[in-house]
Structures are given as structure tokens and as C-alpha cells.
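Inspection log for the structure reproduced underneath, given as C-alpha cells.
Note that the structure is predicted; figures quoted are calculated from it, not measured. Residues take their numbers from the sequence shown, with the count starting at 1.
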Amino acid sequence: MCGILAVLGCSDDSQAKRVRVLELSRRLKHRGPDWSGLYQHTDFYLTHQRLAIIDPASGDQPLFNEDKSIVVTVNGEIYNHEELRKKLSNHKFRTGSDCDVIAHLYEEYGENFVDMLDGMFSFVLLDTRDNSFIVARDAIGITSLYIGWGLDGSVWISSELKGLNDDCEHFETFPPGHFYSSKEGGFKRWYNPTWFSEAIPSTPYDPLVLRRSLENAVIKRLMTDVPFGVLLSGGLDSSLVASITARHLAGTRAAKHWGTQLHSFCVGLEGSPDLKAAREVADFLGTVHHEFHFTVQDGIDAIEDVIYHIETYDVTTIRASTPMFLMARKIKALGVKMVISGEGADEIFGGYLYFHKAPNKEEFHRESCRKIKALHLYDCLRANKATSAWGLEVRVPFLDKEFIDTAMAIDPEWKMIKREQGRIEKWVLRRAFDDEQQPYLPKNVLYRQKEQFSDGVGYSWIDGLKAHAAQHVTDRMMLNAGHIFPQNTPTSKEAYYYRTIFERFFPQNAAQLTIPGGPSIACSTAKAVEWDAAWSKNLDPSGRAALGVHVSAYGDEATGVKSVVPPPIVNTIPRMEVSAPGVEILS
């Protein structure tokens, strides 16, 4: 992931202002260590910190149209850039960068071209002919982006909070699926899928359609000119992404550059569930597997760096970000610059264990919609910033626009968890890849119970964090928490500990407001806590808080609520007939 910073219309074109903008841009240098660029037009400044993935030799930014009247700074990847270049055959491109199409699309179609882009992106486009500009963020918010306003009338844009929090009177998260137009003076939502209204869909479940859609989403993300690999926790989502990548790597441009041997990466405490499962999947797929270990103390020592880079005080995000942050550093040290990961599947398919208690298909679907809409505040933020901290890019095929449309159109009755029928969480996804003739994964992995990343790296990780926080936060401090932190008041010592670190780095009230709050059980929204009365006594984002569902749930001694471990599932799913051994690869 690259880093972008723009200061637009600040009424100051002095050398001192230019120096200040450069200073702020350098705060994002970890995101793009390969090149730094700055473009100034009167009192408009566009900067870029580049992580070179496509066309490393000539794709430096900012990017321009033919006469350089249109200027763009971009973070992200445009997967359909070759198709778009064909539509722009009358234009001349300066580079081979996938992002080079943006300025030309604006020339051809005006401001309403954003929905033509298939990818993950955030960009600032300046039209120097009239000093107008637009800013846009991808559909789900895979790339991070913030917007701020200065007292001098300026608009500020930054990939991270630290690029603008000290210089803006007010700032906030840039909403995903929107663009900001200086001509209109506000935001406009460009991403308007059918599922966004939360109306209940009725499309029958077709496992082959779902399978092909995910395979196409993975295949388009194999676009790279640099070494890459897959993050492999051994859970269903990352394992499927790794399996599809291994199947379709041969014949791609990436394989021509770097060979057909796929590299996989996993992190965990010694003896953790993820390490064991990931080794099994790696052996099955034949990947070159890299296993990284960390200790609870290693993680605790990194907490302050993690909060500075992730820019949140949300408990579950910090718990999961820390091992990912440590792993990203190791991966980058091996010379890898891009990884493919499994974020998003739990939101789309109701994979979190609390979905077991969904009262009906309508509530199941609405909760799934709510979770997808909030991804930019949680898992997307974690994946983007934990990897970008070390100049590593992460791609997430489950959040492909076309795949989301396919999956969210399925009648949610098929997604409902019905243990008596052998239908565990994410059953529709598991069945779609349950191929007896050409197995994608071992059966025990294909039907492994959901583990949240912060749990799967080792249960003692969360327990260690709680114990560490208890040493630094007293009962008296907790009694006054509501007065010290009236916004999103911490309800645990762990949350209080993270909040004090966050506010040391980002003391502004606006920074506090960029972080979500409210009660949660096993990563649920506040609304879903209502599904089970017992959950209100056990509000914790860990999957083990899903009493009566997780096989290693917290028990009586912690909550006073008895955890009933369900019996093992007997796989009663019928064999899936596959009409053809191969899957069409769409260009």
C-alpha cells in the first residue's frame, strides 16, 4: 500500500508550506519506501509515498494525462486497468502503472467514472484548468483514508491520521464507496449495490456459481511485478485463498516472473491452533511455508508501535493487529512486497460464532450487511495498516465487488447455521469447495470451526494482554473512566490501557470520534448482542465469548455462565457433483 497526502486550496504557496507538507508526507513513508513524489500547483499540494507493485521502473507518482493538466495521486490497485485502457484507445499513457487510467477516465467521463474501477483504491485528482478536485475511496474501504478541514479553507486528505491530525481544525474517516467533489462541495456515494438497502435476497444457492466467482476474484489479484505470497492461518478463508492461488498461479504474469512455487506465511505462539492447521494446509498444497513464532512478551512490547500505526483503540482490532504487525515485518524481510489474505468472508457469510444465535434469516442478513458496511473500521483497517507499517501490500479477494454481489444475493436461509443438518458457520462457502474429485482442502480444514485471528494465534495471547493491562490500570482508574473518557468509555482495563496509549499519539477529540464503540460479543455489532440475554454478562470481542458455541469457550469461573460445549458435527453434506474439472479463468 502506498501513502497519499494532499493539501488543497490552503491559500499558502510559500516555501515554508511546501516544507511542512513534505514533513507530513514523510510520516507516511513506511507505507511507500520505494519513491517519494510531490506536485505543487499554486496552493494545491499532492504527495505520494510509493510501494512499487506494478511497473516498478516507470510508475512513480503523481500521474498525469497527456498535457499534464490533470494530476492524480493514488493508493491501491486497479485490477481491470488493461480492459479500461482498451476503452481509452485514443489516449496516450505515460507509464505501465495500473493507476495511470484514472486521469484519462476523468477526461473522458467526468467525475462519474469511479464505479468503472475494479480494485482497491483511494485517490486525489486535481484539474488544474479550474482548480477543482475530486477524492474517492474504494467500495468497502480496503484502503485507509481520512479527510480534514483547515481554518484557512483548505481540504486535507491523508492515508493515515498522522498525516493531518496536527494541522486540521476537524478531521474524520473518509466514507468508503464515496467521492468528494469540490464542485459540489460534499460527498456522493458512488457504490450502490443491491444488498446495501438490506432488503432480503431470494436467489437460490448455486455452489458452482459461488466457487467460480471466488476463483475469479483470486485470479485477478495475481496481477503483480514483484514477489508475493499468501497469508495462511489454517482457517477456512485463508486456506481457500491459498488453494485457489496455488491452482491458478501457473500461466500468470506473476509465475513468469517469480515461478510457480507459492510461498505461504503464518504467525502464532508456540503450539497455537493456527500454526498446526497452517502446516497441514501448506503440506497439502505444496507451498513453501514460512512459520513465524512470537511470545506474549514480544506482542506486549510491540503494543505502542501497533497503536501508533493502526490508529485505533478498539480492543479486538489491537489484539489481532499485533501478531499481523509482527508477521508483516518478517515477510518484508524476505523480500516479499504483496500478500493475499482472507478478510471479509466472515462478514459476508455470517462466519462469526455469534451468528449461531441469529433468530431468523432476516436478522442474519441484516447483521451481515451491517458488518460489511463497518469493515473499514475493523478488519480492513487492521489488514491495511498492520502490513503497510512495513511496506507490504495486502489484497483481499473476498471483498471483490462482483463476488460480494454474488454472495449477498443468495437467499440467507442457505447461510443460516443448522447444526442438526450438519450446517455449521459459512456452510455455503464450505460446500462450494467440497470437491471429492479434485479436493481443494483436507476435510478437517474445510470444516474447521471458526477461530478469530486473535484467538487462533494462541489463546494465551489474549489472556496475557488482559493480565498486562491489569498491572497498569487500577480499580480506581476504572471508576473514573467515564469522566476521563466520556466518548466510548472503556469498560475493561485492557480497553483503558489501549485508550491511554492512543490519546498520547492522537489527543484531538476528532481522533477519538474516528473509532467505533458500543457493546460487542465475539465481534458482533451492538444490535446482535440482543440475540442472547446471557451475552450481556459476557461482553468480550473474543470468539471464546460465544458461550455454548466455541469449543474452548470461557467458562463459569470467568463469567458465571455455564458454557455448554456442543457435540461434534457429523458431516452429512452430500457429495457435490462437478460438471467440469476446470473453472473458466476470466481475463
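Between the side chain of E270 and the backbone N or O of H293, no donor-acceptor pair lies under 3.5 Å. In terms of modelled atom types and a separation under 3.5 Å, the side chain of T387 and the main chain of A383 share a donor-acceptor contact. Proximity of a side-chain donor or acceptor of R329 to a complementary backbone N or O of W390 within less than 3.5 Å is not detected. The backbone N or O of R448 lies less than 3.5 Å from a partner atom in the side chain of R430, making a donor-acceptor pair. In terms of modelled atom types and a separation under 3.5 Å, the side chain of D138 and the main chain of T143 share a donor-acceptor contact. For S238 (side chain) and S233 (main-chain N/O), a donor-acceptor pair under 3.5 Å exists by modelled atom type. No donor-acceptor pair under 3.5 Å is formed between the side chain of K162 and the backbone N or O of E311. When atom types are taken as modelled, the side chain of D405 and the backbone of E402 share no donor-acceptor pair closer than 3.5 angstrom. No donor-acceptor pair closer than 3.5 Å links the side chain of K220 to the backbone N or O of P397. For the pair N384 (side chain) and I142 (backbone), a donor-acceptor distance under 3.5 Å is present.
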*Give the intermediate values and the outcome of side chain to side chain donor-acceptor pair (under 3.5 Å) for residues D463 and S460.*
CA-CA 5 Å; D463 299 337; S460 60; over 6 Å; no
*Give the intermediate values and the outcome of side-chain contact (heavy atoms from CB on, under 4.5 Å) for residues M408 and I348.*
CA-CA 7 Å; M408 292 302 289; I348 294 168; 4.1 Å; yes
*Check step by step if side chain to side chain donor-acceptor pair (under 3.5 Å) holds for S492 and E494.*
CA-CA 5 Å; S492 69; E494 185 185 4; 5.0 Å; no
*asked:* Between W190 and F179, is the side-chain contact (heavy atoms from CB on, under 4.5 Å) condition met? List the steps.
replied: CA-CA 7 Å; W190 64 264; F179 71 83; 4.1 Å; yes
*Could you walk me through whether L375 and L399 pass side-chain contact (heavy atoms from CB on, under 4.5 Å), step by step?*
CA-CA 10 Å; L375 267 168; L399 298 182; 3.6 Å; yes
*Could you walk me through whether T173 and R137 pass side-chain contact (heavy atoms from CB on, under 4.5 Å), step by step?*
CA-CA 11 Å; T173 301; R137 189 179 185 189; 3.6 Å; yes
*asked:* Please evaluate residues D434 and Y447 with respect to the criterion side chain to side chain donor-acceptor pair (under 3.5 Å), reporting the C-alpha separation (whole Å), side-chain torsions for both, the decisive distance (0.1 Å), and the verdict.
replied: CA-CA 10 Å; D434 193 352; Y447 293 97; 2.7 Å; yes
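E215 has no carboxylate O lying under 4.0 Å from a charged side-chain N of R212, or vice versa, which leaves the two without a salt bridge. By the 4.0 Å N-to-carboxylate-O rule, K385 lies too far from E160 to be salt-bridged with it. At a threshold of 4.0 Å, the pair R382-D379 counts as salt-bridged, since one of the basic side-chain nitrogens sits closer than that to a carboxylate oxygen.
The minimum heavy-atom distance between P323 and V267, with the atom names listed, is O-CG1, 3.7 Å. Closest heavy-atom contact between A302 and L326: CB-CD2, 4.0 Å. The minimum heavy-atom distance linking G350 with I417 is given by the pair O-CD1, 4.1 Å. Taking all atoms of both residues into account, the shortest heavy-atom contact from W195 to I404 is NE1-CG2, 3.5 Å. Here the shortest heavy-atom pairing between A136 and L145 reads O-CD2, 4.0 Å. Between F403 and A217, the shortest heavy-atom distance links the atoms CB-CB, 4.4 Å.
Between F349 and F398, the two ring planes are perpendicular [angle over 60°; tilted spans 30° to 60°].
Residues L236 and L446 have side chains in contact (heavy-atom distance under 4.5 Å, counting atoms from C-beta outward). Residues L269 and W461 form a side-chain contact, since some pair of their non-hydrogen atoms from C-beta on lies under 4.5 Å apart. Within the 4.5 Å cutoff, the side chain of S159 has heavy atoms near those of the R31 side chain. Within the 4.5 Å cutoff, the side chain of L231 has heavy atoms near those of the I331 side chain. For the pair E363/E530, no side-chain contact is recorded, criterion being any heavy-atom separation below 4.5 Å from C-beta on. The shortest distance between side-chain heavy atoms of I303 and I501 falls below 4.5 Å. By the 4.5 Å heavy-atom criterion applied to side chains, I424 and R419 are counted as neighbours. T317 has its side chain out of reach of Y498: every pair of non-hydrogen atoms, C-beta onward, lies at least 4.5 Å apart.
Judged as a side-chain hydrogen bond (donor to acceptor under 3.5 Å, both in side chains), and not counting sequence neighbours, T245 has no contacts. Shown here are the ring-ring contact (aromatic ring centres under 6.0 Å, His included) partners of H30, two or more places apart in sequence or in another chain: H309. The salt bridge (Lys or Arg N to Asp or Glu O under 4.0 Å) test applied to R279 returns E291, not counting sequence neighbours. Not counting sequence neighbours, K401 has no partner by the salt bridge (Lys or Arg N to Asp or Glu O under 4.0 Å) test. Partners of F174 under the ring-ring contact (aromatic ring centres under 6.0 Å, His included) rule, at least two apart in sequence or in another chain, are F187.
Here the CD-CD distance, from E503 to Q512, works out to 4.0 Å after rounding to the nearest 0.5 Å. Between the CG atom of L429 and the CZ atom of R211 there is a distance of 11.0 Å, given to the nearest 0.5 Å. Within the model, atoms CE of M478 and NZ of K493 stand 7.5 Å from one another, a figure rounded to the nearest 0.5 Å. For the atom pair L210 CG and I410 CD1, the distance stands at 5.0 Å (nearest 0.5 Å). To the nearest 0.5 Å, the span separating CZ on F364 from CH2 on W531 amounts to 7.5 Å. Interatomic distance, I372 CD1 to D346 CG, rounded to the nearest 0.5 Å: 11.0 Å.
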Residues 483-490, side-chain donor-acceptor partners within the protein, below 3.5 Å, at least two apart:
residue : atom : partner : partner atom : Å
N488    : ND2  : Y313    : OH           : 3.0
N488    : ND2  : I515    : O            : 3.0
T489    : OG1  : F485    : O            : 2.7

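Here the rule is side-chain hydrogen bond (donor to acceptor under 3.5 Å, both in side chains) with Y497, and of H468, Q471, H472 only H468 fits it. Under the side-chain hydrogen bond (donor to acceptor under 3.5 Å, both in side chains) test applied with E413, the options H365, K361, K418 reduce to a single match, K418.
Taking the centre of each ring, F171 and Y146 stay at or above the 6.0 Å mark.
With Y352 as the aromatic partner, K371 meets the cation-pi criteria of under 6.0 angstrom to the ring centre and within 45 degrees of the ring axis. In this structure, R189 is positioned above the aromatic face of F196, its NZ or CZ under 6.0 Å from the six-membered ring centre and within 45° of the axis.
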